[in-house]
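Have a look at the structure below before the remarks.
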Amino acid sequence: MRYVSTRGGVEPVTFSQAVMMGLATDGGLLLPEFFPGVDGDTLRRWSALPFAELAVEVMIPFVGSDISRNELRQLVERSYTGFNHPEVTPVVQLNGYSVLELFHGPTAAFKDVALQFLGNLFEWLLERSGGRLNILGATSGDTGSAAIYGVRGQQRIDIFILHPHNRVSPIQERQMTTVLDENVHNIAIDGTFDDGQRIVKALFNDLAFKDEFRLGAVNSINWARILAQVVYYFYAWGRVTGGDPSRGVTFSVPTGNFGDIFAGYVAQRMGLPVERLILATNRNDILSRFVNSGVYEARSVHHTISPSMDIQVSSNFERYLYYLMDERPLRIRELMDTMSKTGCMEVSEARRRQVAALFQAQAVGETETLEQIRETYLDSGYILDPHTAVGVRAAKGVAGAVCLATAHPAKFGDAVRQAIGVEAPPPASLQGLMERETRCELLSADVGVIKAYIQNTLSARSG
Ligand SMILES: *Cc1c(COP(=O)(O)O)cnc(C)c1O
């Protein structure tokens, strides 16, 4: 399998090259040249497989001859043994709908499913090429810890994560700073999340520095993250249909950067019987406005009780747009250009109808989110986290929907307590966090200071 850029400016690359490249060198996003098809018999067979074996089957055609089946199986098994549920992503039946629990990984949020795999994949590829990688990122909370847990203890990777000092939740801060592995470097900056992003961007644009220190990113534009997420759509379908290819399923997906729901789109394109994909957003509703109006327009970010979905522009959306526009890179360049110049772009009503044939979108406010947590608790005794509650609310009235549960409710105790008066018992991974030893550097929000810190840390590590 080879990968091409949505903007058409990259010669087709292999799977490994696509993983190491992350963002395409022409500024676009990488996509497979075609979607491998899956027929009814295969679906039936796959529905009987345990998660890790299914993951190998789903991934192998996308990996091609780059990694052997046996090596891929080892990578997958290493990635999911750390999950604290034997099914990895179990499906729980509630009253008229189900919940696909994606939060049994080490940081109790769904990003672990992809980042555990990506960390092992990076290490494996670097071992083969004899290289090293330094991952740099800014986080407002959740992605940072999942990325840290994805690469902690790896021999060929160091990771530097910037978070705004005293501006992430205490649990989120501890999840990052209690990881004491030598290759993990937490930096609290004396500033905001935007400052962190600005610094990271400046360092990635410093090409001499970027090349010398082999800087890489782990954000949601990496194709391997999408691929790892495709697996659980197949898994959940098998659990709720018993593997009957004539039965379709509707998935409801709490959406921010469009990575998770795009994985559902890939599954559908491969032949998984997906009836609808419900795109659920919080007040930051750029995507639901797009599905319902055809206009994609950035507005200012609102802070909500589902903070991992507080985004303005969705980095993975361009991947979907590429297919919507009949895989024409020139058209994508025009649209993205209009978007960056005017903050807005639009597709025709015919195209919008095409979107709406598969996607159904709804923005869910704070009050409704809290109400949904309360309603589900009263009705099933099950505690939803606020992100998952957004998806459950958007699926209201859709019988049999599978709602993706993207975070463990114990991670968002304040919102849960506000809704139902009690908090969810924490999973083992979140227990005792506040008592553990921490390591973190507090630095000023200055590009030069951060750059010097990275240089000094790395030369001390290699010396
Ligand atoms: C990242 C995240 C989301 C949004 O997923 P995208 O792939 O960015 O759409 C939803 N819920 C939680 C808990 C998250 O961490």
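Ligands are counted one by one from 1 in listed order, and the atoms in each one are counted from 1 as well. Residue numbers run from 1 in the order of the sequence given.
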Q. Side chains of S79 and N120: do they bring a donor and an acceptor to under 3.5 Å?
A.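 Yes - a donor-acceptor pair under 3.5 Å links their side chains.
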
Q) Any chance the side chains of T192 and D195 put a donor and an acceptor closer than 3.5 Å? A)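 Yes - a donor-acceptor pair under 3.5 Å links their side chains.
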
Q: Identify which one of L404, T376, T369 satisfies the side chain to side chain contact (heavy atoms under 4.5 Å, CB included) criterion when paired with V392.
A: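 Of the listed residues L404, T376, T369, the side chain to side chain contact (heavy atoms under 4.5 Å, CB included) partner of V392 is T376.
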
Q. Relative to the ring of F83, is the ring of Y80 parallel (under 30°), tilted (30 to 60°) or perpendicular (over 60°)?
A. perpendicular

**Q.** Mutual orientation of the aromatic rings belonging to Y3 and F15 [parallel < 30°, tilted 30-60°, perpendicular > 60°]
**A.** tilted

Q | Protein residues having a heavy atom less than 4.0 Å from any atom of ligand 1 | A |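 Those residues closer than 4.0 Å to ligand 1 by some heavy atom are F110, K111, D142, P254, T255, G256, N257, F258, G259, D260, S308, M309, H387, T406, A407.
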
Q. Does any non-hydrogen side-chain atom of F317 lie less than 4.5 Å from one of N257?
A. no

